[in-house]
Protein chains: 2
Amino acid sequence: MPSGIGDEAIAHFEPVVYRRRRVSRGERLFSANDRSGSLYAVRSGLFKTSVCDVAGRDQVTGFQMGGDLLGLDALHDGICASSATALEDSHVCAMPFNSIEAASIHLPVLRRRLYAVLAGEITRSQQMLIVLGGMNGEQRLAAFLLDMSRRFLRRGYSGSSFTLRMTRAEIGSYIGLTLETVSRLFSAFQRSGLVEVRQKQVCNLDLKRLDAILAADG
Amino acid sequence: MPSGIGDEAIAHFEPVVYRRRRVSRGERLFSANDRSGSLYAVRSGLFKTSVCDVAGRDQVTGFQMGGDLLGLDALHDGICASSATALEDSHVCAMPFNSIEAASIHLPVLRRRLYAVLAGEITRSQQMLIVLGGMNGEQRLAAFLLDMSRRFLRRGYSGSSFTLRMTRAEIGSYIGLTLETVSRLFSAFQRSGLVEVRQKQVCNLDLKRLDAILAADG
DNA sequence: CGAAGGCTTGACCGTCGTCAAATCGCGTGG
DNA sequence: CCACGCGATTTGACGACGGTCAAGCCTTCG
């Protein structure tokens, strides 16, 4: 499972004119089918993106933290394909496509960076397809925890102890399980000594053994 | 489920210098971890893309037919994240990134078209996440058939009778089921009068009822 | 014409979803 | 500051859907 939409990508976007915005917990930054002319860089806080199909099924497609980008899919036709909801009080930078385009004309680095971010997000989704298409519950939760661990580590936090600020239901939606199964798996992981869980706090992740769970054929 | 990677997108890429290449059935156009400097437009034939994880699990991530693009994920860092295999004798146009970049500098339309294609592929993957994360077997196969139907229709063929040139195993890998389950579902669909199946030939798809299956909550 | 690969079907079993109940924790308002 | 209430979480019991293993048939390609 991959790190984030655009870890550390935003450094390259500095030449772009932007506008800051505050998003309160529970508030939506944008909704599916909105017309959008901007990308968003998360400065602080945490978001989830979700998509919805004809039957009203709603599914979480990712969690974005500081340094990640939001709103990439609107580059297709200016319409948001997903919704972004703040899971805690957050700050973002809104960067208009126009401004990005304008800046990119004289900055090949920025241009290529944008291609790279988009392509990286494709790769990220493909990794999720493997998780959802070929792994059992145990492996799905292991993949999720390892991904979160890597992302916290990259941001200078502990990779083995951190707080999951999303609910069990949101985790379950993301990895294709029900909230009950997620809860049961956390309990099982704890019994196996893979991790200590107390509500949203996870401590002392055994990364080696989680890797081994992923590598087993499932 | 979405149509294809870049249906009809290639028209915008005409100004780009390209090289034609023939790919025989079973041959790989590129493999994961290859260094790649090109995108590929499918001129004729059919491909599958697949990705592989640490445990050796291999999963089909898409099928590409005439007019679709291949190799987008290599824009991330010049390394292919997936493999592309021809399912029948095919022809492609190889378009070097360099050439695309060069042409795009003076062609805003091409530049935006490339963003759009990349973003469209992100949206496509997200739709697959819904299929794999939230649907039962019946709905997965219905979604697959409706997607194929739409893509054939868009290319001027019948949307209700066509030939599936991939194997049951490949279909199953794509929609997260075993080949046995795919086979059983085809038989069940036939018994229900949703479609007539004879090997790889599917005839008289009942699109309305397939839509209804998708809309039911799963 | 033969062999290898693809497809279908059956029997059985395990994983995970569903339904239900109890507990925990946090935010709110008295 | 404390009590209340709602949402989140945990755990249990049960069943269904889809995976696994196996056998036989069909098709296609060499």
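Quick note on labels: first sequence line is chain A, next is B, and so on, each numbered from 1.
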Self-check item: Whole-Å distance separating the CD atom of Q201(A) from the P atom of dC24(C)
Solution: 19 Å
Exercise. Run through K200(A), K48(A), R165(A) and flag the one making a salt bridge (Lys or Arg N to Asp or Glu O under 4.0 Å) with E88(A).
Key: R165(A)
Quiz item: Is the phosphate of dC7(C), meaning OP1 or OP2, less than 4.0 Å from a side-chain N or O of K200(B)?
Solution: yes
Quiz item: When you measure from the side chain of S192(A) to the backbone N and O of L194(A), does any donor-acceptor pair fall under 3.5 Å?
Solution: no
Quiz item: What is the distance from CG of D217(A) to P of dT20(D), rounded to the nearest Å?
Solution: 10 Å
For nucleotides 11-18 of chain C, which of its nitrogen or oxygen atoms have a protein nitrogen or oxygen under 3.5 Å away, and what is each distance?
residue	atom	partner	partner atom	Å
dC16(C)	OP1	G137(A)	N	2.5
dG17(C)	OP2	T178(A)	N	3.4
dG17(C)	OP2	T178(A)	OG1	3.3
dG17(C)	OP2	T181(A)	OG1	2.5
dT18(C)	O4	R184(A)	NH2	2.9

Quiz prompt | Length of the line joining L179(B):CG and dA22(D):P, which is rounded to integer Å | solution = 15 Å
Quiz item: CZ of F189(A) versus P of dT10(D): gap in Å, rounded?
Solution: 13 Å
Self-check item: Short side-chain N/O contact to dT8(C) OP1/OP2 from R198(B), under 4.0 Å
Solution: no
Self-check item: Interface with DNA chain D, restricted to residues 162-169 of chain A and to heavy atoms under 4.0 Å
Solution: T167(A), R168(A)
Quiz item: Between Q59(A) and S173(A), does any side-chain donor sit less than 3.5 Å from a side-chain acceptor?
Solution: no
Exercise. State plainly whether the residues R155(B) and D68(B) are in salt-bridge range, i.e. N to O under 4.0 Å.
Key: yes
Quiz prompt | Whole-Å gap separating C1' (dG6(C)) and CG (L87(B)) | solution = 14 Å
Practice problem: Provide, to the nearest angstrom, the distance between the CD atom belonging to Q190(B) and the C1' atom belonging to dT9(C). | Solution: 14 Å
Quiz item: Strictly by modelled atom types, are S24(B) and R22(B) linked by a side-chain donor-acceptor pair under 3.5 Å?
Solution: yes
Quiz item: Taking only N and O in the side chain of S187(A), is any of them less than 4.0 Å away from OP1 or OP2 of dT11(D)?
Solution: yes
Quiz item: Counting distance only, does the side-chain N/O of S36(A) pair as donor-acceptor with the main-chain N or O of G78(A) below 3.5 Å?
Solution: no
Practice problem: Name all residues meeting the salt bridge (Lys or Arg N to Asp or Glu O under 4.0 Å) criterion together with R43(A); count only those two or more places apart in sequence or in a different chain, and write none if there are none. | Solution: none
Exercise. Evaluate the criterion side-chain hydrogen bond (donor to acceptor under 3.5 Å, both in side chains) for residue pair S82(B) and Q126(A); output intermediate values, then yes/no.
Key: CA-CA 9 Å; S82(B) 57; Q126(A) 288 179 343; 4.5 Å; no
Exercise. Answer yes or no: is there an ion pair linking R28(B) with D34(B), defined by an N-O contact shorter than 4.0 Å?
Key: no
